[in-house]
Amino acid sequence: MSLLEIKDLKVHFPIKSGVLVDRTVGHVYAVDGVSLQVDAGTTYGLVGESGCGKTTLGRAVLRLVPVTDGEVWINGVDLAHLPEEEMRRRRRQAQMVFQDPLGSLDPRQNIESLLTEGLEVHNVGSGRAERRGMVLDALEAVGLSQRALNRYPHEFSGGQRQRIGIARALVLEPDLIICDEPVSALDVSIQAQVLNLLEELQRDRGLTYLVIAHDLAVVRHVSDTVGVMYLGALVEEADSDSLHAAPLHPYTRALVSAIPVPDPEVEDTRERILLQGDLPSPAAPPPGCRFHTRCPWRQEERCATERPELRTVGEGHRVACHYAEQIAAGEIRPRG
Amino acid sequence: MPAGPLLAVDDLSVTFTQRRRRDVKAVDGISFSLDEGSVVGLVGESGCGKSVTSLALMGLLPSRGVRVAGRAGFRPGGGDTEADLLSLPSRRMRDLRGRELAMVFQDPLSSLNPVVPIGRQVTEILVRHRGLKGRAARSAAADLLARVGIPDPGRRLREYPHELSGGMRQRALIAMAVACRPRLMIADEPTTALDVTIQAQILELLKELVTEEGTALLMITHDLGIVAGLCDEINVLYAGRVVESAQRHELFRAPTHPYTAGLLASIPRLHASRDLPLTPIRGTVNDAIDWTDGCAFAPRCDNYAEDCLGGPPHMREERAGHRFRCVHPVRTDAAAVSAEQSPAAPEPSAPKGEDR
């Protein structure tokens with residue numbers, strides 16, 4: 001049973017212009033038709049570079065940005081079409097952990113107040129004593145002691161702050177936690193602590209995660225399924241082992257080959273696919289396949305004119321490329 | 001043969017002082033050297049002193065509230081005369097910066113002037129150091145942008161920094177850095193603000209410049225993956241000191257300081273099995289103790305024993321070119337394996353400098 005199911009989700013931001021009257025002169029196609037499923041108790045990892053729409057997708061699941069079109073089903077309810085008040089109540093089921101723990105924790109609230117706020121909003125627990133007990137449980141689960149209660153965010157290190165962010169999500173006992181770049185602001189040695197904590201919490205509480213990050217190595221480590229986004233759409237989805245071992249989409253191949261590996265033997269021998277140029281603007285995405293402007297395997301036919309659908313090519317492996325099989329078989333060679 | 005390394009940093013320390021506050025020793029006796037045309041990496045996490053080291057070498061630290069000690073011998077023009085970068089008068093330093101020494105910073109948007117077109121910023125260096133003027137300077141600037149892979153350089157020269165993408169800005173900064181064919185380029189986290197596919201482009205460009213122009217590169221980064229592919233020699237920093245230093249193959253095959261080994265064990269690998277758990281280093285950098293009392297890493301170290309706190313640990317060298325600052329080093333490396341296989345063999349006879 002999938003806990004979260006996203007169907008053809010679109011988030012388009014209008015570009016406004018004009019002095020007296022705001023005219024909409026165009027749209028930023030931040031998320032443009034994404035469908036995916038996350039099974040209960042598993043982790044789905046979304047990777048992509050800045051501007052690919054991964055953060056917007058995560059926010060759209062919780063309706064923190066307006067959904068233009070599509071459906072978001074959690075536990076059999078379509079959140080995308082709920083009235084605002086109903087949505088507010090439903091948010092308890094899905095919580096978010098943000099990238100920058102200092103920016104997402106109010107510096108003037110102490111930890112107890114930060115963690116109790118959600119309980120009060122959702123009317124969980126009666127009275128201060130019971131709520132304090134719940135807060136303490138959440139803090140203990142993330143490895144912080146009772147002494148944290150009366151302290152303020154700035155008194156903690158980056159890793160501890162991220163633990164507080166996780167505790168704030170946990171205290172409401174959600175089914176789904178969306179982690180947006182949970183470790184990218186942290187030092188390497190601390191990253192591993194937080195990643196291990198997330199895995200431990202999943203084991204103990206059967207949590208479901210949607211992990212959004214730019215670092216494929218991090219995402220692969222924590223995820224069961226990985227989806228790769230490029231310019232507002234999924235280009236490939238596979239279980240996390242086959243994705244890096246046998247990437248099918250040219251963009252995934254380039255991404256995998258671009259990641260520096262802390263092993264000189266691997267670095268010296270592996271083949272690097274260097275992409276030309278930068279990400280095109282999501283306000284004017286290229287026609288046809290969105291990746292064709294940078295794709296080393298680009299073909300004369302179809303690529304520039306026909307947008308490839310995300311199609312199933314193997315057990316749990318979906319790819320949006322017209323020529324994925326031919327490229328994998330070596331029938332089409334990269335240019336240059 | 002020239003007389004020794006291009007840059008020899010000896011016992012560099014930087015202390016920040018503030019009235020009525022305890023002094024903060026950001027860099028606490030760092031030594032390393034850099035040969036012409038080589039790439040040396042300084043790796044460490046936030047607060048280990050890697051950026052302060054680069055600023056001290058470039059003479060970019062403020063003069064008030066900062067105490068810099070030690071020596072950084074640099075041979076301008078690759079000649080036999082040596083100048084100490086740390087004690088050079090600021091006028092001499094200004095001549096060296098840009099011409100012989102260049103720097104690339106992490107955030108290209110804040111190191112470029114937002115209200116001046118890219119072209120003026122690049123030609124400024126050519127005018128100041130190479131005495132070029134007018135059209136000659138402009139065409140030299142366009143050549144430089146083309147050199148670092150910026151398409152349509154003539155148009156880009158007229159644009160402002162905000163009109164360029166992050167990768168383009170970093171390329172423009174690198175163009176400015178290599179404008180006078182410096183002998184030494186210091187790159188402080190040059191790709192941290194960039195996406196991986198753009199990062200790969202920039203790293204490739206840096207590699208190319210090193211091989212083609214013979215520029216020595218001091219690469220400062222937190223990313224062990226980057227140094228693994230780029231650097232000839234790597235220095236691992238912790239709490240303001242070099243804790244381990246070795247050639248790159250040697251370092252990754254046989255990490256000997258528990259901190260280096262811990263860092264490597266805590267990185268998720270793309271090519272390793274997913275079931276392999278990450279082994280984080282416990283605690284945080286704030287748990288460091290003062291080097292004068294003992295090993296700063298002791299509070300977080302798995303190999304900790306009481307004698308770790310018996311004064312500052314010394315740099316030891318058990319194999320040629322592989323130095324580490326530790327009393328109880330990690331022995332799970334090639335040396336340990338060979339020792340296990342042939343217990344009769346004494347430990348120092350382990351493979352010696354077989355790479356490179």
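Per chain, numbering begins at 1; letters A, B, ... match sequence-line order.
Ranked by heavy-atom pairs under 4.5 Å with chain A, the list B:G149, B:G166, B:P151, B:A200 is led by B:A200. Contact tally against chain B (heavy-atom pairs below 4.5 Å) for A:G51, A:G277, A:A245, A:P262: the top residue is A:P262. Contacts with chain A were tallied for B:A265, B:G229, B:G167; B:G229 has the most, counting heavy-atom pairs under 4.5 Å. Most heavy-atom pairs under 4.5 Å with chain A: of the set B:L230, B:I198, B:V227, this distinction falls to B:I198. In terms of heavy-atom pairs under 4.5 angstrom with chain B, the leader among A:L255, A:L279, A:V194, A:L275 is A:L275.
The two residues A:I273 and A:P296 make their nearest non-hydrogen contact at CG2-CG, 3.9 Å. Of all non-hydrogen atoms in B:L112 and B:P161, the two that sit nearest each other are CB-CG, 3.9 Å. Across all their heavy atoms, A:V47 and A:V226 have their closest contact at CG2-CG1, 3.8 Å. Looking at every heavy atom in both residues, B:A228 comes nearest to A:V261 through CB-O, 3.5 Å. Pairing each heavy atom of A:L139 with each of A:A167, the nearest pair is CD2-CB, 4.2 Å. Between A:P286 and A:L231, the shortest heavy-atom distance links the atoms CD-CD2, 3.6 Å.
Exactly one residue among A:V218, A:L216, A:V266 makes a side-chain contact (heavy atoms from CB on, under 4.5 Å) with B:L270. That residue is A:L216.
Using a 4.5 Å cut-off between heavy atoms, A:L274 contacts chain B through its side chain alone, with no backbone atom that close. Heavy atoms closer than 4.5 Å to chain B are found in the backbone of A:V222, but not in its side chain. Heavy atoms closer than 4.5 Å to chain A are found in the side chain of B:L264, but not in its backbone.
The side-chain heavy atoms of B:N303 and B:F297, taken from C-beta on, include no pair separated by under 4.5 Å. Contact of the B:P268 side chain with the A:L195 side chain is registered, since non-hydrogen atoms from C-beta on lie closer than 4.5 Å.
With sequence neighbours left out, B:P153 forms a side-chain contact (heavy atoms from CB on, under 4.5 Å) with B:A142, B:L145, B:A146.
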Donor-acceptor table for chain B and chain A, threshold 3.5 Å:
from	atom 1	to	atom 2	distance (Å)
B:E45	OE1	A:S189	OG	3.3
B:E45	OE2	A:V188	N	3.3
B:E45	OE2	A:S189	N	2.9
B:E45	OE2	A:S189	OG	2.9
B:S46	N	A:D187	OD1	3.2
B:S46	N	A:D187	OD2	3.2
B:S46	OG	A:D187	OD1	3.1
B:S46	OG	A:D187	OD2	2.4
B:S165	OG	A:D278	OD2	2.6
B:D195	OD1	A:S50	N	3.1
B:D195	OD1	A:S50	OG	3.1
B:D195	OD2	A:S50	N	3.2
B:D195	OD2	A:S50	OG	2.5
B:T197	N	A:E49	OE2	3.2
B:T197	OG1	A:E49	OE1	3.1
B:T197	OG1	A:E49	OE2	2.6
B:Q201	NE2	A:L275	O	2.4
B:Q201	NE2	A:G277	O	3.3
B:R248	NH1	A:D268	OD1	3.0
B:R248	NH2	A:D268	OD1	3.0
B:R248	NH2	A:D268	OD2	3.1
B:H249	NE2	A:D268	OD2	3.1
B:R269	O	A:R220	NH2	3.2
B:R269	NH1	A:P262	O	3.4
B:L270	O	A:R220	NE	3.1
B:L270	O	A:R220	NH2	3.4
B:L270	O	A:H244	NE2	2.9
B:A272	O	A:R220	NH2	2.2
B:R274	NE	A:S223	O	3.4
B:R274	NE	A:S240	OG	3.1
B:R274	NH1	A:H221	O	3.0
B:R274	NH1	A:S223	O	2.6
B:R274	NH2	A:S223	O	3.4
B:R274	NH2	A:D224	OD1	3.3
B:L278	O	A:N196	ND2	2.9
B:I281	O	A:Q193	NE2	2.5
B:G283	O	A:Q193	NE2	3.2
B:R300	NH2	A:S189	OG	3.2

